[in-house]
Undergrad: 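The following block contains the structure, expressed as structure tokens.
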There are 2 protein chains.
Amino acid sequence: MRWSLDDVPVYVAVVEQGGMTGAAALLGRPKSSVSTAIARLEKALGVRLLQRNSRSQRITAEGETFYRHALMIIEQAREADAIVAGLRADPAGRLSVALPPAFCQEIVAPRLPAFRRAWPKIDLRILITSHGVELLREQVDMAVVVGRMEDSDLVARVLIAGALTCVASPDYLARNPVADGLEALRSHIQLCETRYGSKRVPVHVAGQAATLDLETGISHVNNPLVVRAAVLNGAGVAPLPRHYVRDQLRDGSLVEVRPDVTFDIEASTLSAVYLSRRLMSPRTRVFLDFLTEASR
Amino acid sequence: MRWSLDDVPVYVAVVEQGGMTGAAALLGRPKSSVSTAIARLEKALGVRLLQRNSRSQRITAEGETFYRHALMIIEQAREADAIVAGLRADPAGRLSVALPPAFCQEIVAPRLPAFRRAWPKIDLRILITSHGVELLREQVDMAVVVGRMEDSDLVARVLIAGALTCVASPDYLARNPVADGLEALRSHIQLCETRYGSKRVPVHVAGQAATLDLETGISHVNNPLVVRAAVLNGAGVAPLPRHYVRDQLRDGSLVEVRPDVTFDIEASTLSAVYLSRRLMSPRTRVFLDFLTEASR
DNA sequence: CCGCAGCGTTCAGTTAATTGAACGATGTGG
DNA sequence: CCACATCGTTCAATTAACTGAACGCTGCGG
């Protein structure tokens, strides 16, 4: 990357104003600076961005492509700026958020003291519910939901896009070895989270597509932590979102079973949903940032 | 935004190298430049990014936050750079892609001549299938799939996150006015795409959550364009992805019915899926870019 | 058909940023 | 416990970038 990032906003201004003079006026800098910046950018990229005469200006195909990416760079920069500006403003006030039970307990709760310490002036109100989106318009500023439901004027940001993995306790496995084959794996599954406990769950076994019946003869509960607790106590094998078993896999209280079986569904995706990206209060910003960091 | 984008890579280098001297060595610039850049960035942001003595260096909470966003800015810049570098390399060779039937016909096909003109040396092979992901590892370089299935080492990029909307032909509506209420709407729906034709489809009516039965007594077909053709010829009301009825809504051959009913499902999301973001050939890059532009 | 308004480029003077060496500070190994 | 190695900062000399006026070009209206 041999080009200067500072030339990117200049280029965007030129494209959007349809000319260097307009861009110069917008940026409040002499047009010669704009001209130099564009020339430098083109030289560094090795591509003609704008086909320009002294009177007409049209964007080239390469310029169009670069413009789209330039917009995304600037969008990211603006977001970074808004975040830091929010941090400086010392966020305060009431912030209501809706969180799903398992996410709140596992991911948010352990980090809540740190959040309180960082932003003591934020009066945080957590509402534990699995149907947070419905409360968005009236009662809460932000909701974390399972899945990626992206709706009209709502903005969704994926927090965790983790995959499912089959786990069991070591002593269960010692007593009940799991043989090869999908049917053998299936026979060890006693309990499953409701959300992905359907009749035909698409999976891949060593690259080969197949389906797994997680409905017939299996108990269901709508909380992955309950499933985890059961499996920890020897309730066979169960598919669980990887981010809810990370600690257990590390300390050895759970082990992965048949890692060659990968699930194609996105049952464990968690998104933060809020109303508008633009008019976001500093406190909502820092909380979204907190969630992003907590979900890493 | 009063800070310079060019200082962002410097900051990232300092964080990752754990010090200014290391960052200076990495960037191949004098350490005084690095020191100045960090000081300037901190001043412009109005925030302390790094708490540093002459021998120890620890990142502040604000610095951590800014670092995450800085990474994203640089990621975007790198992608832009790679794209342009790909364009310069004059992409050539065989490129196999898997596309779903409706997407190929409606979005890709009309723009195919433009793609051929832009990249005559790319030998494009399109495979029309609804199960493109399964072919990813062996037969195709990229697959467009309905939904957002994001799996392990696959990278998915959302092309269209359009919502569903209920449409009908104007003359059908003239002969059969649609009354208020969800049940009234329901009675006009004769045909529905298979994917979202389930028993309990979550919807919102003027902000109120409800469900709609799109299974009982409704015909189904796994191609939204067939549904559209039927509706154009007077087959009642049907929910369709907005991007497949955009032209018809504009020219008046279809009209929106009950726009106060919004669907919460993401049936019409289309993603491009490929294996690795890093080792992407120029031809795959330009095709992804082409898809992104075509989907706008 | 031509003059002019307005565009992007060029260039020399000016200003700001960059730089390498010197400096003070600090943790560590002997 | 202290000397040293190493780190980040500072500062003046250097260098590169920026700027504003002048220039040349072009398309449009008269």
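Owing to the predicted nature of the structure, the values given are computational and were not obtained by experimental measurement. A, B, ... follow the sequence lines: proteins, then strands. Residue 1 opens every chain.
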Undergrad: Summarise how protein sits on nucleotides 15-23 of chain D as a single string, 5' to 3': B when a protein heavy atom is under 4.0 Å from the base, S for sugar-phosphate-only contact, - for no contact.
TA: ---SBB---

Undergrad: Go through residues 20-27 of chain A and report each residue with a non-hydrogen atom lying under 4.0 Å from DNA chain C, sorted by number.
TA: A:Met20, A:Thr21

Undergrad: Salt bridge (charged side-chain N to carboxylate O under 4.0 Å, His left out) with A:Glu256: which residues, sequence neighbours excluded?
TA: A:Arg242

Undergrad: Using only side-chain N and O atoms of A:Arg52, determine if any of them is under 4.0 Å from OP1 or OP2 of D:dT26.
TA: no

Undergrad: Name all pairs fulfilling the salt bridge (Lys or Arg N to Asp or Glu O under 4.0 Å) condition that reach into residues 106-120 of chain A, sequence neighbours left out, sorted by first residue then second.
TA: A:Glu106-A:Arg228

Undergrad: If I take atom CD in residue B:Gln51 and atom P in nucleotide C:dA25, what distance separates them, rounded to the nearest angstrom?
TA: 17 Å

Undergrad: Given atom CD of B:Gln17 and atom C1' of D:dC7, what is their separation to the nearest angstrom?
TA: 15 Å

Undergrad: Can you sort out the partners of B:Asp81 under salt bridge (charged side-chain N to carboxylate O under 4.0 Å, His left out), two or more places apart, ordered by chain and number?
TA: none

Undergrad: If the condition is salt bridge (charged side-chain N to carboxylate O under 4.0 Å, His left out), which residues does A:Arg296 pass it with, not counting sequence neighbours?
TA: B:Glu64

Undergrad: Hey, are A:Arg157 and A:Glu79 close enough for a salt bridge, meaning a charged N less than 4.0 Å from a carboxylate O?
TA: yes

Undergrad: D:dG8, OP1 or OP2 - any side-chain N/O from B:Gln57 closer than 4.0 Å?
TA: yes

Undergrad: Can you list the residues that meet the side-chain hydrogen bond (donor to acceptor under 3.5 Å, both in side chains) rule with A:Gln17, with sequence neighbours excluded?
TA: none

Undergrad: Please report, rounded to the nearest Å, how far the P atom of C:dG8 is from the CD1 atom of A:Ile59.
TA: 14 Å

Undergrad: Not counting sequence neighbours, list each pair that qualifies as a salt bridge (Lys or Arg N to Asp or Glu O under 4.0 Å) and has a residue in residues 30-47 of chain A.
TA: A:Asp7-A:Arg40, A:Glu42-A:Arg48, A:Glu42-A:Arg52

Undergrad: Grab the CZ-C1' distance between A:Arg58 and D:dG27 for me, whole Å please.
TA: 14 Å

Undergrad: Can you name the residues that form a side-chain hydrogen bond (donor to acceptor under 3.5 Å, both in side chains) with B:Thr21, not counting sequence neighbours?
TA: none

